[in-house]
Structure formats: structure tokens, C-alpha cells
2 protein chains.
Amino acid sequence: MEIPPVVIDRLPLYARALAGLEATGREVVSSQELGHQLNVTPAQIRKDLSYFGRFGKQGRGYNVRKLLEELRGILGLNRQWRMTLVGTGRLGRAILGYEGFGPQGFRIVETFDSDPEWVGKEINGLTIKNTADLEEVLRASPVDVGIVAVPAETAQSVIDRLVECGVQAILNYAPIAAHVPPSVHIKRIDPVLALQGMTYYLKAAAAPRK
Amino acid sequence: MEIPPVVIDRLPLYARALAGLEATGREVVSSQELGHQLNVTPAQIRKDLSYFGRFGKQGRGYNVRKLLEELRGILGLNRQWRMTLVGTGRLGRAILGYEGFGPQGFRIVETFDSDPEWVGKEINGLTIKNTADLEEVLRASPVDVGIVAVPAETAQSVIDRLVECGVQAILNYAPIAAHVPPSVHIKRIDPVLALQGMTYYLKAAAAPRK
DNA sequence: ATCTGTGAAGCACTTCACAGCG
DNA sequence: CGCTGTGAAGTGCTTCACAGAT
């Protein structure tokens, strides 16, 4: 069956909430309660889950541990995912230092920069390699995900090369709308776009200028 | 007229592409070319713009400078927006150092932390204030946007307090689904969710484990 | 001849509403 | 009796297709 992409995007949200509930020792949860916690309608949650199976018990709700395990299986969260970071500028180094990836099974195992000043240096236990050697390094040490944190001008070419290396998922921090073949998944992390999408609604009620 | 939210989210994308074209001296662009650059159908672009007016010339396309100016006006990108950052941990400090906000008119003018170790210290020319004094500080120095970079446990309470201070837009880096009144706009920046939404598609074709 | 602006058609996602099970 | 699972109805967004402007 073909699952709507929006559904896939909500599953990690459910998984995270369930992990929180499990940590508190909660055993059962209803779609109503989960929905309230996540700002999602209960019907939406039930419909989303119904694409994958029947995980609940009528009259009771969902077993927290069991549903979490199911979602982890569906999303592939039970594995370790190998990632490469390209670009070790300010932003790239912040990504390298981000503590949020590891606990969720995402590990940066290779990192690249094109500045000779940085190549060979070590950050967080990783030696920065030369972007020129990307293909060679990734051939010996394949990764599942590419993280792009290079300037806008070089981002598309870096993405092309990652795709050429067989990388199927890319997290793009560069402010460009990248082109990738249909088989490759790419998501943009772009705080400026997020802000600009909100200012539209603020125009009328802007805080007094100082 | 009520504009679909997805339309608003695409406008900043158009504005960015137009700014790029303007920088190269381009005077006219068609919906076809813009769409090709951004992976958006030409019809979508024309429809989106038609919510706000008739900016193009039939047979020719859109004047780059004029359309960009229109979009800036619609989105409120011609102003300076005052922001506050709450949380100066690793992530918060990276946000403070991010060079992408300033050129787009977004300026962090107040920053807070609850750790006495950090309060009073100066980063990037900003003195870190005590989160306990949030209300007092923002009363004297109101902001348009709040950026939340505190741990998950305290994020909701910080968001509540920002809302109480009249902040109408929030950029949330904490891994929680926050609750805000309908009048407040909030967007999540969450690379882990983004990754988890892609691994679903990778499960089948994962790179060989090392 | 070309490209916009736009009603109308089409598609995708969300919500409803209720049968059925625990 | 409560809560799931799910067809069917409803909603909102996208794409089509073409009249009309230059």
C-alpha cells in the first residue's frame, strides 16, 4: 500500500510521545490522550496507525510499549544510522556537537571540509577529511544519510556527489531548493524560511519599535 | 480573503529565489523558470501569487525587482524583527552565532539563561540575562519573535511565559509539541524528526553495516 | 507567439460517525 | 460503556486548460 507522506512525518512524533510515556511507566494510552498531548485529532492518530495494522484494544487503548516497538520497527529506529557531515564551518561544527542525534541512533561517522585550514583537524573525535576525497572515503565507509552544511553556492554540487555515492537521504541546512532524483529523500532545515513564514501574520500586530 | 497556510509558506521561497536572480541582474522571469528552479509547478506559482494581486505581464513574465518588492511587503521582510533567545546551552550559543538571521532582518536583541554560571556573561555582544527576569526585561524591551532552545522539560513553561509577554511568533528548537493559543504562531526546528521521517523509506535499502 | 490569471476539475488528506470488540 | 478501526463524507490544496493581454 502507498502511505501518504504526511502520515510518515507524524509517526516519529507519536514515537517520541510514547517514549516519554514509557519512561514514566505508563502502560496504556488512548488516541484521545495522545492526540491531546500532540495537538493531533484522535481520529487522525487512529487512521494513521490503521495504515500499518491494528495495534489497539477496543475499549482500552494502545499498549504503550507495544505500539512504540511497532513504530520503531516501521520507521527503522531500532538501528544505527551512519551519517556524513559535509561542511565544518560555524554551522557544521554546531551540528557535530549536537547531542540530539546519538541517543536516537544517528551517528556522524565521516566529516568533510574543503578548507585546507580545517582538513586533518579533529572535532568530537572525528578527523575532518578533504571534500575532494568524498567519493573515495565514502566508498570505503558508506553512509545512509548526508548532512549538508556548506554555503549555498556549493550545496548543489555536494548534494550531487552524495547522491552519486549512493546516499539516499539528505538533511540540507543550506538555503537552496536542491534538485535530487525521485529516489532520493531530502529535507530542509531552514530557520529563516520558518521565520519568514510567520512574519506574514505578524505584520498587523508588530511590537512597538524601540 | 483567507490565504491557505501552505501558500504563505512558499512565498519566502519565491522571495529568496528572486533575490538571487536580482543579484545576477536578471530583470524578468517566468513562472516556468522560477518553478523549475524551486521544484514547484508553474501553475502553483501563478495561483499562489494570484491570491495577492496581478504582478505579471502576459506574454513576458514577472519583473524580478517588482515581484520581489511585492513579496517583501506581503511577508513583512522590509522591516527589522526583534527576537529573544531563551537558553544559551550548546544549541542556543550556536543560534546566537548563526550568521543567517541578520542579513534577513532578524536580530536577536535579548538572550536568557537560567544557569547562574552563564547569567551576566556576554556572547556576540549580548549580555545573558536571567530567565527569572524574562517578563521584566521584555516589558522594557519588547520583541516580535521568541526562539526557544531550552531542554524539553522546561520548554512549555518558557513558551507560556513568552506568550504571556505578548510574543506572537515562536521558533521552537526543543523536542516537544508545544501548546499555544490559536493567535500565536509556532514552528518547530527538529532535525531528528526530519531524519526519522526519512529512515522509513531507507529501511529496505540501507547501506551495508560496517 | 508567449506567458499570465483563474474558474473548474481532480486529488490527497482530514474528519465524521458508527459498527464491533473487550 | 469506552475506545478502536474504518468506509464515507467533507475539506483544502494542486493541477488543468484556456481566455485574454501584450
Side-chain angles (χ1 to χ4, degrees), chain A residues 1-15 17-18 21 26-71 74 177 182 185 197 200-201, chain B residues 1-14 17-18 21 26-71 74 177 182 197 200-201:
Chain A
M1 204 201 325
E2 205 46 73
I3 317 273
V6 271
V7 172
I8 302 299
D9 282 339
R10 275 191 299 265
L11 298 185
L13 218 59
Y14 303 160
L18 288 165
L21 288 168
R26 204 39 158 12
E27 294 201 342
V28 173
V29 69
S30 66
S31 60
Q32 174 143 110
E33 186 181 352
L34 202 56
H36 179 76
Q37 196 174 125
L38 295 171
N39 299 321
V40 173
T41 65
Q44 178 109 81
I45 293 178
R46 296 200 302 274
K47 181 61 119 178
D48 286 353
L49 296 177
S50 78
Y51 284 103
F52 300 94
R54 303 145 57 96
F55 306 126
K57 275 205 171 47
Q58 281 141 327
R60 268 176 57 76
Y62 300 88
N63 177 292
V64 171
R65 188 189 315 256
K66 174 164 165 282
L67 182 54
L68 178 54
E69 212 37 57
E70 291 283 359
L71 288 175
I74 292 163
H185 295 268
Y200 168 77
Y201 301 100
Chain B
M1 204 202 321
E2 205 48 72
I3 317 272
V6 269
V7 172
I8 302 300
D9 282 340
R10 275 190 299 265
L11 297 185
L13 217 60
Y14 304 160
L18 289 164
L21 288 168
R26 206 35 159 16
E27 293 202 342
V28 172
V29 69
S30 66
S31 60
Q32 175 142 108
E33 185 181 352
L34 202 55
H36 180 76
Q37 196 174 124
L38 295 171
N39 299 320
V40 173
T41 65
Q44 179 109 79
I45 294 179
R46 296 200 302 276
K47 182 61 120 179
D48 286 353
L49 297 176
S50 78
Y51 284 103
F52 300 94
R54 302 146 56 93
F55 306 125
K57 273 204 172 48
Q58 280 144 326
R60 265 175 62 72
Y62 300 89
N63 177 291
V64 171
R65 188 190 314 257
K66 174 163 165 284
L67 182 54
L68 177 55
E69 212 36 59
E70 290 283 359
L71 287 176
I74 292 163
Y200 169 77
Y201 300 100

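Chain identifiers are assigned alphabetically (A, B, ...) following the order of the sequence lines, protein sequences preceding nucleic acid strands; residue numbering begins at 1 within each chain.
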query: Can you find a side chain N or O atom of B:Ser31 that sits less than 4.0 Å from OP1 or OP2 on C:dT4?
result: yes
message: For a quick test of reading the model: is some side-chain N or O of B:Thr41 closer than 4.0 Å to OP1 or OP2 of D:dT15?
response: yes
Given atom [atom1] of [X] and atom [atom2] of [N], what is their separation to the nearest angstrom?
X: A:Glu70; N: D:dG5; atom1: CD; atom2: P; result: 11 Å
X: B:Leu38; N: D:dT14; atom1: CG; atom2: P; result: 14 Å
X: A:Asn39; N: C:dT14; atom1: CG; atom2: P; result: 14 Å
X: B:Ile8; N: D:dG12; atom1: CD1; atom2: P; result: 15 Å
X: B:Ile3; N: D:dC13; atom1: CD1; atom2: C1'; result: 13 Å

task: Under the side chain to side chain contact (heavy atoms under 4.5 Å, CB included) rule, what do A:Tyr14 and A:Val40 come out as? Steps first, then yes or no, please.
output: CA-CA 10 Å; A:Tyr14 303 160; A:Val40 173; 3.8 Å; yes
Can you tell me how far the [atom1] atom of [X] sits from the [atom2] atom of [Y], to the nearest 0.5 Å?
X: A:Leu18; Y: A:Lys66; atom1: CG; atom2: NZ; result: 12.0 Å
X: A:Leu11; Y: A:Ile3; atom1: CG; atom2: CD1; result: 8.5 Å
X: B:Ile8; Y: B:Ile74; atom1: CD1; atom2: CD1; result: 8.0 Å

field: Parallel, tilted or perpendicular: rings of A:His185 and B:Tyr201 (30°, 60°)
entry: parallel
query: Between A:Arg10 and B:Val29, which has a closest nucleotide on DNA chain C that is more 5'?
result: B:Val29
message: Does anything in residues 44-63 of chain B come within less than 4.0 Å of DNA chain C? Heavy atoms only, and list the residues if so.
response: B:Arg46, B:Lys47, B:Ser50, B:Arg54, B:Phe55, B:Gly56, B:Lys57, B:Gln58, B:Gly59, B:Arg60, B:Gly61, B:Tyr62
message: Would you say that more than 12 heavy atoms from the other residues, nucleotides or ligands in this model lie under 6.0 Å from the CD of B:Gln44, or not?
response: yes
